[in-house]
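Read through the structure below, which is laid out as structure tokens, and then see the notes.
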Amino acid sequence: MLDAPEVEELTPPVRTLMGPGPSDVHPRVLRAMGTPLVGHLDPTFIDLMDEVQELLRYAFQTENQWTIPISGTGSAAMEAAFANLVEPGDTVLVPTNGYFGYRMASMAERAGGSVVTVDAPWGKPLDPADVQDAFDTHQPDVFGFVHAETSTGVRQPNVSDLTAIAHAHDAFVIADTVTSLGGVELRVDAWDIDVAYSGGQKCLSCPPGASPLTLSDRAMDRVLSRENPVRSWYLDLSQLEGYWGDDRSYHHTAPITNVYALREALRLVAEEGIEARWNRHRRVAQSLVDGLADIGLERYADEEYWLPSLNTVSVPDHVDDGQIIDRLLNEYDLEIAGGLGDLAGDVFRIGCMGHSARPANVQYLLAALDDTLE
Ligand code: PLP
């Protein structure tokens, strides 16, 4: 017999989350998570699924019928998008201007696609002219781009230009909206995006675990008429359709508590109004950027494609970024992050997402950073 381990009751520190995600969870979302579990086929849960789908359509600004939360984190929704849209032998165009384009490449390859790239430096958005060239050269079947690149703090502007290029070539567009959904202007239908996926733990201020995904009818037709079965059983949308479509039949046990949380987070979005919410993120993040400039920290991304939900600021020459990040966490219970990949050591990444995008958080962060940098 093994001895029973003695483990203390959970008492996590109360942090202020201003990093690249997760963000502070709204108390109403935490309360929703403390409500009793029902079965994943309980009639009340079935009704709740409809509500979540309706609320998700509002957040994505889409009428796509096929709009669901995928069980798992943002990467699960991302993998669902690539695994279902990409068939073996397809050419898949992905960007190289940030960390998550590389993850797209890896997922597309695992789905049997051959990957080609459209390049831009880390810290810059894609140029539509380069996307046009890449389409003319490679004739890809699927094009993935990152609307809000969490590794660089860059927002991809000109989304409609990119989707127009792709559609002129009969390709499908997959948008990574993990750090934009619910915080930064995103219009899936108006911008003609075929597939968009996201995560709960960024601008929706929900714990990770149920991740939004939406597909147009055209994209779903492609999925349902695939020649080869999707390589993942769990993420195969033609199977998941039985649960989230009209039948509501068992596929896997939905993460019920996470779906409760997402529902409450999306209710908060609907109550605030999506445009008001985009404006709040912009306003609060602008005060953050202004305050950072006052203490000598300059924004890294240009104003033109600045991403209010994730602010990259240059690390001053004499400063050890890791030491600052550690001190903020240990002395102030405040989380921010350093740079990733090409930007490691060069930038701080400061999130301003969802319930974290509040003036009080900004003031606290600025005061703590000012103290720490002295
Ligand atoms: N895409 C982007 C732009 C992200 O920022 C993240 C997470 O930070 C992901 C995808 C993956 O999401 P997750 O970590 O929830 O699996």
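Worth saying up front: this structure is predicted, and the values here are computed from it rather than measured.
Using a 4.0 Å cut-off between charged side-chain N and carboxylate O, Arg28 and Glu271 make a salt bridge. The existence of a salt bridge linking Arg57 and Glu63 is excluded, since no basic side-chain nitrogen approaches an acidic carboxylate oxygen closer than 4.0 Å. Classification of Glu335 and Arg15 as a salt-bridged pair fails, no side-chain N sitting under 4.0 Å from a carboxylate O. Ion pairing between Asp90 and Arg222 holds under the 4.0 Å rule for side-chain N and carboxylate O. A salt bridge is absent between Asp290 and Arg299; no separation between the charged side-chain nitrogens and carboxylate oxygens falls under 4.0 Å.
Nearest heavy atom pair, residue Ala171 against residue Arg218, reads O-NH2, 3.1 Å. Here the closest heavy-atom approach between residue Asn258 and residue Pro208 is recorded as ND2-O, 3.1 Å. Nearest heavy-atom pair across Val52 and Pro69 is CG1-CG, 4.0 Å. Between Val154 and Pro125, the shortest heavy-atom contact is CG1-N, 3.7 Å. Across every non-hydrogen atom of Pro207 and Val29, the tightest pair is CD-CG1, 3.9 Å. Residues Thr179 and Ala148 share a closest heavy-atom pair of C-CB, 3.7 Å.
If you run side chain to side chain donor-acceptor pair (under 3.5 Å) between Tyr332 and each of Thr372, Asp371, Thr16, only Asp371 comes through.
At most 12 non-hydrogen atoms from other residues, nucleotides or ligands lie less than 6.0 angstrom from CZ of Arg110. For Phe45, the CZ atom is densely surrounded, since the number of other residues' heavy atoms within 6.0 Å is greater than 12. Residue Asp136 places its CG atom among more than 12 non-hydrogen atoms of other residues, nucleotides or ligands, all under 6.0 Å distant. Shown here is Gln65, whose CD atom has no more than 12 heavy atoms of other residues, nucleotides or ligands within 6.0 Å.
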Requested in this report: Could you check Trp191 against His147 for ring-ring contact (aromatic ring centres under 6.0 Å, His included), going step by step and ending with a plain yes or no?
Outcome: CA-CA 12 Å; Trp191 295 350; His147 180 225; 5.6 Å; yes
Report task. Given side chain to side chain contact (heavy atoms under 4.5 Å, CB included), test His167 with Asp192 step by step and report yes or no. Result -> CA-CA 9 Å; His167 292 146; Asp192 219 2; 3.4 Å; yes
Requested in this report: Using the side chain to side chain contact (heavy atoms under 4.5 Å, CB included) rule, take Lys202 and Ser309 through it: C-alpha gap first, then chi angles, then the decisive distance, then the call.
Outcome: CA-CA 8 Å; Lys202 311 272 184 176; Ser309 49; over 6 Å; no
Requested in this report: For side chain to side chain contact (heavy atoms under 4.5 Å, CB included), just list the numbers for Leu37 and Thr257, CA-CA rounded to whole Å, side-chain angles, deciding distance to a tenth of an Å, and then say yes or no.
Outcome: CA-CA 7 Å; Leu37 219 65; Thr257 305; 3.3 Å; yes
Requested in this report: Please report the C-alpha distance between Asp236 and Arg226 in whole Å, then the side-chain angles of each, then the deciding distance to 0.1 Å, and finally whether the salt bridge (Lys or Arg N to Asp or Glu O under 4.0 Å) criterion is met.
Outcome: CA-CA 11 Å; Asp236 182 348; Arg226 286 174 61 100; over 6 Å; no
Query - Worked check of side chain to side chain contact (heavy atoms under 4.5 Å, CB included) between Asn158 and Leu126 - result: CA-CA 9 Å; Asn158 317 311; Leu126 295 179; over 6 Å; no
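Put simply, the side chain of Val289 reaches to within 4.5 Å of the side chain of Trp306, judged on heavy atoms. You'll find the side chain of Pro95 stays beyond 4.5 Å of the side chain of Val131, heavy atoms only. You'll find the side chain of Gln239 stays beyond 4.5 Å of the side chain of His252, heavy atoms only. Within the 4.5 Å cutoff, the side chain of Leu237 has heavy atoms near those of the Met220 side chain. The closest side-chain heavy-atom distance from Leu369 to Ile324 is below 4.5 Å. Val142 is not listed as a side-chain neighbour of Leu93, based on a closest heavy-atom distance of 4.5 Å or more. The shortest side-chain heavy-atom distance between Glu264 and Arg267 falls under the 4.5 Å cut-off.
One N or O on the side chain of Asn84 and one on the backbone of Leu235 form a donor-acceptor pair closer than 3.5 Å. Counting only distance, with no hydrogens or angles, the side chain of Ser211 and the backbone of Gly72 share a donor-acceptor pair below 3.5 Å. Listed for the Tyr99 side chain is no donor-acceptor partner under 3.5 Å among the backbone atoms of Glu149. Between the side chain of Asn311 and the main chain of Pro308, a donor-acceptor pair closer than 3.5 Å is present. Proximity of a side-chain donor or acceptor of Thr177 to a complementary backbone N or O of Tyr197 within less than 3.5 Å is detected. A donor-acceptor pair under 3.5 Å is formed between the side chain of Tyr58 and the backbone N or O of Ile274. Not a single donor-acceptor pair under 3.5 Å links the side chain of Thr91 to the backbone N or O of Pro140. For Arg280 (side chain) and Glu275 (main-chain N/O), no donor-acceptor pair under 3.5 Å exists by modelled atom type. No donor-acceptor pair under 3.5 Å is formed between the side chain of Asp302 and the backbone N or O of Glu304. When atom types are taken as modelled, the side chain of Asp320 and the backbone of Gln323 share a donor-acceptor pair closer than 3.5 angstrom.
A single hydrophobic cluster is not seen to contain both Val184 and Val159; linkage of ILVMFWY side chains at heavy-atom distances under 4.5 Å, directly or through other members, places them apart. Residues Leu30 and Val269 do not share a hydrophobic cluster, defined by chaining ILVMFWY side chains whose heavy atoms lie under 4.5 Å apart. Residues Val223 and Phe82 are members of one and the same hydrophobic cluster, defined by side-chain heavy-atom contacts under 4.5 angstrom among Ile, Leu, Val, Met, Phe, Trp and Tyr. One hydrophobic cluster, built from ILVMFWY side chains closer than 4.5 Å, holds both Tyr102 and Val115. Using a 4.5 Å cut-off between side-chain heavy atoms of Ile, Leu, Val, Met, Phe, Trp and Tyr, with links allowed through other members, Val173 and Val116 fall into the same hydrophobic cluster.
To the nearest 0.5 angstrom, Ile174 atom CD1 is 8.5 Å from Leu215 atom CG. The structure places CG of Leu288 at 11.5 Å from OG of Ser356, a figure rounded to the nearest 0.5 Å. Taking CG of Leu224 as the start and CH2 of Trp66 as the end, the distance is 8.0 Å to the nearest 0.5 Å. Rounding to the nearest 0.5 angstrom, the gap separating the CD1 atom in Ile193 from the OG1 atom in Thr214 is 9.5 Å. Atom-to-atom distance recorded for Leu307:CG and Thr152:OG1 is 7.5 Å, nearest 0.5 angstrom. Here Asn279 contributes atom CG and Glu185 contributes atom CD; the two are 9.0 Å apart, rounded to the nearest 0.5 Å.
With sequence neighbours left out, Glu331 forms a salt bridge (charged side-chain N to carboxylate O under 4.0 Å, His left out) with Arg327.
Judged by distance alone, the side chains of Asn64 and Thr62 do bring a donor and an acceptor atom under 3.5 Å apart. Side-chain N/O atoms of Asn361 and His355 include no donor and acceptor closer than 3.5 Å. There is no side-chain donor-acceptor pair under 3.5 Å between Thr96 and Thr117.
Using cut-offs of 30° and 60° on the angle between ring planes, the pair Phe143 and Phe135 is perpendicular.
Ring pair His40/Tyr250: centre-to-centre distance below 6.0 Å.
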